[in-house]
Amino acid sequence: MTDLALAAPLARETSERREVAPIVPPSGIGGHALIAVIAIMTFLSSLTLGAVTLVRDTARDWQHEIAREATVQIKPRNGLDMEAALAATAAKAAAFPGVTGARVVDDQATQRLLEPWLGADLDLAALPVPRLVIVTIDSADPPNFAALQAALAADGFGAALDDHRSWADRLVAMAHSTVLAGIGVLGLMLAATALCVVFATRGAMAGAGHVIDVLHFVGAEARFIAGEFRRHFLLIGVKGAAAGGVAAVLAFLAIGFWSSANLASPEASQAAALFGRFSVTPMGYAGVALIAAVVAALTAATSYLTVIAYLGDLDMRQAPGG
């Protein structure tokens with residue numbers, strides 16, 4: 001009797017100290033692999049977002065620059081005093097409403113433009129090279145381009161006005177297509193991440209299938225069981241998304257450092273002319289953080305919904321006539 005009296009408190013104390021086994025199996029090789037997959041997907045998604053942002057901002061800058069200027073072209077012909085025609089055209093264009101200024105592209109500037117194709121020391125007088133007048137547009141109150149063209153054509157110099165609107169339209173269309181393509185790629189990456197989480201959740205449920213069946217049979221709510229999986233996969237998602245986000249930030253910093261260090265090189269100059277400076281703004285870093293948060297939340301939500309769907313199918317199969 002005394003032994004039984006002593007054994008009861010001891011058994012109770014042992015039971016209280018015993019750790020409750022988790023429903024979801026601890027992360028093993030599969031968990032580490034899922035963290036790596038989520039990190040890679042977050043890294044690629046962040047790079048895609050950065051590329052789309054870069055193209056959009058560069059296209060906007062190009063469009064702004066194009067909208068600020070127009071070009072008047074005068075082709076040489078017999079009997080035409082080119083210098084007088086250029087001066088008269090520039091003066092008339094500068095006085096037109098909506099134009100803030102006009103300047104003639106002189107011989108030296110024209111030679112520099114043609115030097116990559118025709119070489120140095122060009123004799124422009126011996127070549128039928130069109131000459132240009134750059135017209136600066138008032139962006140707040142642009143001129144009537146048709147009226148400006150008619151006014152310039154009335155002088156008889158053969159001046160042709162190009163307001164670059166066709167280039168701007170093509171640029172906007174290209175930028176929109178690139179942004180839509182980037183959003184599509186980003187959506188595919190998030191979908192691939194969700195599918196990986198579904199398979200990982202199914203694997204974890206298979207490893208703890210007997211525990212889930214017993215808990216569900218004795219009356220544990222589906223939300224409780226799914227919540228355990230959500231908590232487990234949220235931790236995995238946070239680890240993977242954080243690693244991928246940090247890698248993306250380091251990649252952006254490395255590209256920006258390379259761009260600044262090699263700014264004088266021909267490669268960097270051409271890249272800057274096409275895409276601008278490779279510098280990530282605070283909004284870009286905020287976008288990386290947003291991508292990481294979305295991936296982590298998507299991981300947890302996908303796992304939760306997968307378990308809920310599985311338990312719902314289980315109830316339908318166990319129902320009479322199911």
Side-chain angles (χ1 to χ4, degrees), residues 30-64 167-203 230 233-259 267-268 270-306 309:
H32 296 319
L34 182 60
I35 291 176
V37 169
I38 292 175
I40 293 172
M41 290 298 183
T42 304
F43 176 74
L44 295 178
S45 299
S46 299
L47 290 186
T48 301
L49 180 64
V52 168
T53 303
L54 179 64
V55 171
R56 184 199 61 188
D57 293 343
T58 303
R60 183 181 57 201
D61 294 340
W62 281 359
Q63 186 179 11
H64 180 69
W167 287 96
D169 294 339
R170 294 178 185 176
L171 184 63
V172 170
M174 181 195 71
H176 287 170
S177 300
T178 304
V179 170
L180 290 177
I183 293 175
V185 171
L186 185 60
L188 290 176
M189 289 180 182
L190 295 178
T193 304
L195 290 177
C196 292
V197 174
V198 169
F199 287 120
T201 303
R202 289 285 187 177
R230 178 176 56 191
F233 280 92
L234 176 61
L235 181 60
I236 291 178
V238 168
K239 291 180 179 179
V246 170
V249 169
L250 293 178
F252 289 148
L253 291 176
I255 294 175
F257 176 78
W258 176 88
S259 177
E267 296 83 0
Q270 292 184 7
L274 289 174
F275 304 107
R277 293 290 303 275
F278 287 94
S279 59
V280 179
T281 62
M283 290 299 297
Y285 291 112
V288 173
L290 178 62
I291 288 291
V294 168
V295 170
L298 179 64
T299 302
T302 302
S303 175
Y304 181 86
L305 295 176
T306 301

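Source: prediction; values computed, not measured.
The minimum heavy-atom distance between V288 and A248, with the atom names listed, is CG1-CB, 4.4 Å. Nearest heavy atoms, A200 versus L34: CB-CD2, 3.6 Å.
With rounding to the nearest 0.5 Å, the separation of OG1 in T302 from CZ in F199 is 12.5 Å. Considering CZ of F233 and CG of L298, their distance stands at 12.5 Å, rounded to 0.5 Å. Atoms CG and CZ, from L305 and R230 in turn, are 9.5 Å apart once rounded to the nearest 0.5 Å.
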For residues 186-194, tabulate all N or O donor-acceptor pairs below 3.5 Å that involve a side-chain atom, not counting sequence neighbours.
residue	atom	partner	partner atom	Å
T193	OG1	M189	O	2.9

Would you mind writing out the side-chain donor-acceptor pairs for residues 36-51 within the sub-3.5 Å range, not counting sequence neighbours?
residue	atom	partner	partner atom	Å
T42	OG1	I38	O	2.7
S45	OG	M41	O	2.7
S46	OG	T42	O	2.9
T48	OG1	L44	O	2.8

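The side chain to side chain contact (heavy atoms under 4.5 Å, CB included) test applied to Y285 returns V249, L253, V280, not counting sequence neighbours.
Looking at T201, its side chain does come within 3.5 Å of a backbone N or O of V197 through a donor-acceptor pair.
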